[in-house]
Amino acid sequence: MTVPETANHLIAPSRLSQVNGRRIIDLVCAGAALLVLSPVFIIVAAVIWLEAGRPILFSQLRLGQNGQPFYIYKFRKFRPSCDDKGSPLTLREDDRMTAVGRILAATKLDELPQIWNVLRGDMSLVGPRPESLTFADCFRDGFEQLLDHKPGVFGPCQVIFRHENRLYPADAPAADFYREVLFPAKAKIDLAYFPRRTLVSDLGWIVRAGGVIAAECWAALRRNVRSDASTDEKERRP
């Protein structure tokens, strides 16, 4: 057996144990999150239904591992009449969003139903962000290697580009800017991370993303409280 063959023979079991360990973490964490956050699911679903009726969930085909498409699930943040119309990207001050949808987008609570995708095995807790089929043409010139990895809810780009909708210029089509600038930037970051990932580093990104989401939920709550207080003060003035 040659040296490369010996190395591959030794590395393969390690990679398999990493994959199995990652799947166990996915199932345990997603199952626990589903139980703990079930009241949040109920509240969000009720608010969406009261504001604009059904559907409560939005589903869309995304590219999964090895290019296999799957349906991703989110809480609906657009008006029911335009979920499949307009830009494939959510833009800042997107006029398709409902009032509740803006809060969901700001706090990332619209992503909660992806816990089901993790339990099904379509996604992992940590992985590259799954792209819509609109941008399937971006996976070329080496970027197709991203499809070797199972897409995830969390990851470096989900944290770094969490305010992606603020980056689009007003003088250029958003889809073109995404293809030419944002997708390559995100792909390079993911290709630098995922081939060398470890279970510990993945857990680090979960904790980091959770902290960011908690901080932004708190900030959104404070903004709403200040807004309500300001409205009450104006109404009390003679």
Side-chain angles (χ1 to χ4, degrees), residues 19-62 64-65 69-80 83-84 90 94 96-130 132 150-159 162-165 199-200 202-225 227-228:
V19 170
N20 291 338
R22 195 169 292 116
R23 182 60 182 152
I24 291 170
I25 291 174
D26 284 348
L27 290 172
V28 171
C29 292
L34 191 61
L35 289 174
V36 172
L37 297 175
S38 56
V40 179
F41 274 84
I42 295 170
I43 292 170
V44 172
V47 172
I48 293 172
W49 182 76
L50 288 172
E51 182 189 38
R54 296 183 297 175
I56 303 299
L57 297 179
F58 166 74
S59 64
Q60 185 184 58
L61 274 175
R62 296 289 179 97
Q65 191 172 24
F70 71 97
Y71 278 99
I72 194 172
Y73 295 98
K74 298 184 179 186
F75 280 123
R76 178 175 57 78
K77 58 180 184 284
F78 288 171
R79 298 189 306 276
D83 271 354
D84 294 324
T90 301
D94 200 311
R96 295 171 295 175
M97 282 198 285
T98 63
V100 171
R102 295 185 188 282
I103 297 172
L104 295 177
T107 58
K108 302 300 182 184
L109 290 177
D110 63 312
E111 310 276 353
L112 282 178
Q114 290 168 49
I115 292 174
W116 176 242
N117 286 117
V118 174
L119 291 173
R120 281 171 49 90
D122 300 322
M123 296 176 64
S124 181
L125 285 175
V126 180
R129 189 67 188 153
S132 70
K150 186 178 289 189
V153 181
F154 306 118
C157 288
Q158 287 89 312
V159 174
R162 64 187 180 276
H163 297 305
E164 179 182 305
N165 59 3
L199 291 176
V200 173
D202 278 2
L203 287 171
W205 281 110
I206 294 172
V207 172
R208 186 173 177 179
V212 167
I213 292 170
E216 296 195 347
C217 284
W218 175 247
L221 178 63
R222 291 184 63 186
R223 283 195 299 271
N224 287 335
V225 169
S227 176
D228 291 344

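Because the structure is a prediction, the values reported are computed rather than measured.
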Okay, side chain of [X], backbone of [Y]: is any donor-acceptor separation there less than 3.5 Å?
X	Y	value
R120	D122	no
N117	Y73	yes
R62	P130	yes
K74	Q60	no
T98	G101	yes
E51	A46	no

For residues [X] and [Y], report the shortest heavy-atom separation together with the two atoms involved.
X	Y	value
M97	A105	SD-CB, 3.9 Å
I56	A45	CD1-O, 3.5 Å
P80	A52	CG-O, 3.7 Å
S124	D26	OG-OD2, 2.7 Å
A33	I115	CB-CD1, 3.8 Å

So do the side chains of [X] and [Y] get within less than 4.5 Å of each other, counting heavy atoms only?
X	Y	answer
D202	F154	no
D94	N165	no
L112	V40	yes
I25	V126	no
I48	F75	yes
P151	F70	yes
K77	T90	yes
V212	R162	yes

Taking atom [atom1] of [X] and atom [atom2] of [Y], what is their separation to the nearest 0.5 Å?
X	Y	atom1	atom2	result
L199	I24	CG	CD1	9.5 Å
W116	S59	CH2	OG	14.0 Å
R76	F58	CZ	CZ	11.0 Å
L125	I206	CG	CD1	4.5 Å
F41	L35	CZ	CG	10.5 Å
D110	I103	CG	CD1	12.0 Å

#### Entry: Audit row: M123, V153, side chain to side chain contact (heavy atoms under 4.5 Å, CB included) steps and yes/no
CA-CA 7 Å; M123 296 176 64; V153 181; 3.9 Å; yes
### Query
Does E111 pair with R129 as a salt bridge, N-O distance under 4.0 Å?
yes
